[in-house]
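Remarks on the structure that follows.
Everything quoted here is computed from the prediction, not taken from an experiment. We count residues from 1, following the sequence as given.
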Amino acid sequence: VSVLLGVLAGAALLAVLLLTVGRRFFGSPAGAIARPLPAVGLLALVMAAGAIFGPSGSVDPLPVREAIPGHLQDRPNVVLVVVDTLRADYLGAYGDPRGLSPNIDAMAAQGAVFEAFGQSSWTKPSVATILTSLYASSHGAMSKPAVLPDVTTIADAMKEQGYTTAGFVSNINLAPSFNFQQGFDEYTYFAPDYLFGAEESSSKLVIYSILRVLNFKLFKDRWVEQYYQDSRTVNEAALPWIERHQGDRFFTLLHYMDPHDPYFTHPYDGRGIARVENQNPPAEQAEEMKELYAGEIRYMDESFGNLVDTLEKLGLYENTLVILTADHGEEFQEHGGWWHGTTLYNEQIAVPLVAKFPQGMTVAARPNGVARLLDVAPTILAAAGAAIPDEWQGADLTADIPSTRAAFAEEDHEGNIVTAVRKGSMKLIRAQEGNPRGLPTVELFDVEGDPGESRNLAVERDIEVADLDQEIVAISTGAADEAVEGGGDVEMDDATRERLRALGYIE
């Protein structure tokens, strides 16, 4: 015991030294030259002075084609932007008056703005649905260790059509370790930097966890790269890729993390509020957090504007289908909670879906009916002039959306099993008895008259509850019957766990 206490005391002393002078020293030329050999100081100093762990790509890049294949000459390029944790009601195109998103709003004015209903309220199942046009019960990527099975993704379908494909993502849930790279010629996951410039190997050590906790308890400074790489970093790779492939036909996915916690001030000054350090903030902090969140949207919108500027400067914008959407939203005490992944209220699943269609395609500025994230992939494939795979469960949004079509969502996360369906103006939410979040087992809302979902009509309108229950049963049963085999869970290494922990997904 005394030996163990001595080791821990030494680790604490080393932590204090690293946290007080380490950032300045190791960031200097002298610090770089003075980095010790791995044996010096054993594992602790390796962790403190190791090389920064950088982004990891899963697919080697292909040579740039010299000419567009003949059958693609008249087809558009496609850029899909998925913004993590972006609520629709924070964009001007959806009625927000603050001017947080001028670049997104400008594109919205040129294209179509859909009222969209997400199929899940956290990243992995939601992005899996966007890419595969399958409900979560069908693709099976619903849990933290779950992998995306080998199914036909939008990247697969576009590659089969002859498109060059690339993906640039910055959420660990979308990393190649979870099989989200399938169908992409090139795929880059931008990993966060470990504290103190630690190596990936050292992140597996107990001492790293000790130092991480000490860092966040003793010091207030927070830096985005400790948690994720921001949209500017994504653009630094994605925009040159687009420029290199400007003479080709391409499909590219850009994933921006900025609205996800931690919420940072801009310009970055070391201030941020992170879920990993405070799972349940006091209710009175909601306004401060919403203001920081709004600032993150402003920052992300600038990056989106740089993307559009690049397409315009290269002469690609007019003939490119650009779609911007989100995987889910965020809660700021609207229903007594925080963050995302545990409910299916509007603040978590009412997401933006804005599309600028290529020249010659006309779509209503505000299409009728409720769009689903399930419909993104079929819409892209239809615009590219290709047939939609039979196994996909979504539909092309350029066709009329039936007003009677039900939109379904499901969640099985952190012990909360929740389903929801919207049909017309009515929305039903079902949660299991005794759920950890404390949600009512049945709620019925008129979302057109009550978009904040504050008045539960379930008792007084039991006939509508019964009708919508039938929709839930029909859709969920059908999705389960079409479940894809071959998914399952991956054995997560310590590096993956550390990245999940930084984003608050595990404690």
Side-chain angles (χ1 to χ4, degrees), residues 55-82 127-128 130-133 148 150-170 174-176 179-190 231 233-256 303-304 306-325 355-361 376-389 392:
S56 58
S58 65
V59 183
D60 292 332
L62 295 177
V64 177
R65 287 191 296 214
E66 296 181 0
I68 300 172
H71 70 288
L72 294 180
Q73 290 283 344
D74 297 327
R75 301 192 191 184
N77 295 309
V78 179
V79 175
L80 172 60
V81 179
V82 178
V127 175
I130 293 171
L131 297 181
T132 67
S133 189
L148 186 67
D150 291 327
V151 294
T152 302
T153 66
I154 182 59
D156 286 315
M158 295 295 279
K159 187 174 181 179
E160 185 177 345
Q161 290 296 309
Y163 280 77
T164 296
T165 59
F168 304 90
V169 305
S170 48
L174 310 181
N179 203 32
F180 276 77
Q181 84 291 348
Q182 56 184 300
F184 289 96
D185 294 316
E186 300 179 44
Y187 193 82
T188 303
Y189 160 58
F190 298 92
S231 55
T233 300
V234 172
N235 275 1
E236 285 171 3
L239 302 191
W241 185 93
I242 290 173
E243 185 172 1
R244 287 195 303 274
H245 292 270
Q246 62 181 298
D248 201 352
R249 284 289 177 265
F250 58 79
F251 164 73
T252 184
L253 165 69
L254 284 75
H255 172 261
Y256 291 157
S303 294
F304 180 75
N306 291 334
L307 167 64
V308 171
D309 288 345
T310 297
L311 293 172
E312 290 178 335
K313 289 174 183 177
L314 297 174
L316 300 175
Y317 186 68
E318 285 190 357
N319 194 41
T320 297
L321 169 62
V322 182
I323 294 180
L324 180 137
T325 189
K356 194 284 299 177
F357 288 91
Q359 192 173 31
M361 285 190 67
V376 171
T379 302
I380 289 173
L381 216 55
I388 297 170
W392 284 7

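Closest of all the heavy-atom pairs between Arg244 and Val64 is O-CG1, 3.3 Å. Across all their heavy atoms, Pro240 and Ala237 have their closest contact at CD-O, 3.5 Å. Minimum interatomic distance between Pro76 and Tyr163 (heavy atoms only, all atoms of both residues): O-OH, 2.7 Å. Between Ala355 and Ile323, the closest heavy-atom pair is CB-CG1, 4.0 Å. Residues Thr165 and Gly183 approach most closely at OG1-O, 2.9 Å, considering heavy atoms. Residue Leu148 comes nearest to Ala128 through the heavy atom pair CD1-CB, 3.7 Å, listed as atom of the first residue, atom of the second, then distance.
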Can you check side chain to side chain contact (heavy atoms under 4.5 Å, CB included) on Val322 and Leu311, steps first, answer last?
CA-CA 10 Å; Val322 182; Leu311 293 172; 4.0 Å; yes
Report the C-alpha separation of His255 and Phe168 in whole Å, then their side-chain angles, then the decisive distance to 0.1 Å, and conclude whether the side chain to side chain contact (heavy atoms under 4.5 Å, CB included) test is met.
CA-CA 6 Å; His255 172 261; Phe168 304 90; over 6 Å; no
For a side chain to side chain contact (heavy atoms under 4.5 Å, CB included) check, start with the C-alpha distance between Val79 and Leu321, then their side-chain angles and the critical distance, and finish with the verdict.
CA-CA 6 Å; Val79 175; Leu321 169 62; over 6 Å; no
Evaluate Thr164 against Arg249 for side chain to side chain contact (heavy atoms under 4.5 Å, CB included), listing each step before the verdict.
CA-CA 6 Å; Thr164 296; Arg249 284 289 177 265; over 6 Å; no
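By the salt bridge (Lys or Arg N to Asp or Glu O under 4.0 Å) test, Asp248 is found to be paired with Arg65, residues two or more places apart in sequence or in another chain being considered.
Inter-residue side-chain proximity for Leu314 and Ile242 is flagged as met; some heavy-atom pair is nearer than 4.5 Å. You'll find the side chain of Lys313 stays beyond 4.5 Å of the side chain of Gln246, heavy atoms only. Contact check for Ile130 versus Leu80: side-chain heavy atoms found under the 4.5 Å cut-off. The shortest side-chain heavy-atom distance between Thr152 and Thr132 does not fall under the 4.5 Å cut-off. When side chains are defined from C-beta on, Lys356 counts as touching Tyr317, because their heavy atoms get closer than 4.5 Å. Within the 4.5 Å cutoff, side-chain heavy atoms of Phe251 are placed close to those of Ile380. At a threshold of 4.5 Å between non-hydrogen side-chain atoms, the residues Phe357 and Thr320 do not count as touching. With contacts defined as side-chain heavy-atom distances shorter than 4.5 Å, the pair Phe180/Tyr189 does not qualify.
Side-chain contact, Tyr256 with Asn235: a donor N or O sits under 3.5 Å from an acceptor N or O. Donor-acceptor pairing under 3.5 Å is lacking for the side chains of Asn306 and Ser303. Looking only at atom types and distance, the side chain of Gln161 has a donor-acceptor partner in the side chain of Arg75 under 3.5 Å away.
Rounding to the nearest 0.5 Å places CG of Leu239 at 4.0 Å from OG1 of Thr310. Expressed to the nearest 0.5 Å, how far NE2 of His245 lies from CG of Asp185 amounts to 8.0 Å. The CD atom of Gln73 sits 5.0 Å away from atom CD1 of Ile68, with the distance rounded to the nearest 0.5 Å. Remark: Thr153 OG1 to Lys159 NZ distance equals 9.5 Å, nearest 0.5 Å.
Other residues, nucleotides and ligands contribute more than 12 heavy atoms inside 6.0 Å of the CG atom of Asp309. Atom CD of Glu312 has more than 12 neighbouring heavy atoms from other residues, nucleotides or ligands inside a 6.0 Å radius.
Ring-plane geometry between Phe250 and Trp241 is classed as perpendicular, the angle between the planes exceeding 60 degrees on a 0 to 90 degree scale with a lower cut at 30.
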